[in-house]
Amino acid sequence: MRPRRTDELTQAASREYLSADLHKEIQRSEREGTNMSVMMIGLDTHLSDVDPDEDIRAILPRIGRYLHSQLRDFDTYYRVADLQFLVILPGANTAEAARTAEQVRRGLCTLMDSHGLKLTVSTGVAGLNIGDDADSLQQSVANALRRAQQQGGNRTQTYSNPVPPEASGLTEPSGREAAQ
């Protein structure tokens, strides 16, 4: 039996399709020479004093509808964990994706508050870099979200892949220069 294409509760695309869809978008981005970013959204439940499990389950359909209303028609969002979503943003560079992520994060915080949930939302963003594949891009965006939550949550964090000095045209200082 084939897995469902969408999550019944949130109408987000099913995580079983994420890697294949992300692979296709990476190929398209490389073929067309366009930007692509991914955003991961997580509810900061680990920072909450209360166990809002039941209330969150009740609001998940509204979270799905909110994401659907805020994203472009060609963006795709997936429910990747119980309280986490990943969004593929074709054509968006990291800065544009970070602006979108912050707008979505703030909107979701307002949605939580309007339903009496004292929860915050964090987002992580990663742009496609040369050599990335579906797995490395998912790992990068998960690291960005984790960093946002480790820094207290309620924030957007971008993943930056430091460029080795030899790739940037800069050289490491020699031993004598480094000592000065």
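Distance check: Leu108 CG to Leu67 CG gives 5.5 Å after rounding to the nearest 0.5 Å. Here the CG-CG distance, from Asp135 to Leu22, works out to 8.5 Å after rounding to the nearest 0.5 Å. The CD1 atom of Ile59 sits 4.0 Å away from atom CG of Leu111, with the distance rounded to the nearest 0.5 Å. Residue Asp44 holds its CG atom at 10.5 Å from CG of Leu83, rounded to the nearest 0.5 Å. Remark: Ser136 OG to Asp133 CG distance equals 4.0 Å, nearest 0.5 Å.
Evaluation of the side-chain hydrogen bond (donor to acceptor under 3.5 Å, both in side chains) test over residues 105-115, restricted to residues two or more places apart or in two chains, returns Arg62-His115, Glu102-Arg105, Glu102-Arg106, Arg105-Asn154, Asp113-Lys118.
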Quiz: residues 29-40 side-chain donor-acceptor pairs under 3.5 angstrom, not counting sequence neighbours:
{"unit_1": "Ser29", "atom_1": "OG", "unit_2": "Thr34", "atom_2": "O", "d": "2.4"}
{"unit_1": "Ser37", "atom_1": "OG", "unit_2": "Ala92", "atom_2": "O", "d": "2.8"}
{"unit_1": "Ser37", "atom_1": "OG", "unit_2": "Asn93", "atom_2": "O", "d": "3.4"}

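Here the closest non-hydrogen pair linking Tyr77 and Gly64 is OH-O, 3.1 Å. Across Ala144 and Thr158, no two heavy atoms sit closer than the pair CB-C, 4.1 Å. Nearest approach of Thr156 to Ala98, heavy atoms of both residues: CG2-O, 4.1 Å. In plain terms, the two heavy atoms of Val125 and Ala97 that are nearest each other are CG1-CB, 3.6 Å. Nearest heavy-atom pair, Leu145 versus Ser122, reported as atom, atom and distance to 0.1 Å: CD1-O, 3.4 Å. Minimum heavy-atom separation, Tyr78 to Ser14: CD2-O, 3.5 Å.
In this structure Asp21 satisfies the salt bridge (Lys or Arg N to Asp or Glu O under 4.0 Å) test together with Arg5, sequence neighbours excluded. By the side-chain hydrogen bond (donor to acceptor under 3.5 Å, both in side chains) test, Gln84 pairs with no residue at all, sequence neighbours left out. Remark: Thr10 engages Asp7, Ala12, Leu60, Arg79, Phe85 in a side chain to side chain contact (heavy atoms under 4.5 Å, CB included) (not counting sequence neighbours). Contacts of Arg72 classified as salt bridge (Lys or Arg N to Asp or Glu O under 4.0 Å), with partners at least two apart in sequence or in another chain: Asp75. For the side-chain hydrogen bond (donor to acceptor under 3.5 Å, both in side chains) test, residues two or more places apart in sequence or in another chain that qualify with Gln103 are Gln70. Scanning for side-chain hydrogen bond (donor to acceptor under 3.5 Å, both in side chains) contacts around Arg28 gives Glu25, with sequence neighbours left out. Under the rule for a side-chain hydrogen bond (donor to acceptor under 3.5 Å, both in side chains), the partners of Asn143 that lie at least two apart in sequence or sit in another chain are Gln139, Arg146.
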Determine, step by step, whether Gln157 and Gln151 satisfy the side-chain contact (heavy atoms from CB on, under 4.5 Å) criterion, reporting the C-alpha distance in whole Å, the side-chain angles of both residues, the deciding distance to 0.1 Å, and the verdict.
CA-CA 9 Å; Gln157 177 71 47; Gln151 292 174 4; 3.3 Å; yes
Kindly indicate, with the supporting measurements, whether the criterion side-chain contact (heavy atoms from CB on, under 4.5 Å) is fulfilled by Leu43 and Met112.
CA-CA 10 Å; Leu43 303 184; Met112 296 292 150; 3.6 Å; yes
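Contact of the Leu18 side chain with the Ile88 side chain is registered, since non-hydrogen atoms from C-beta on lie closer than 4.5 Å.
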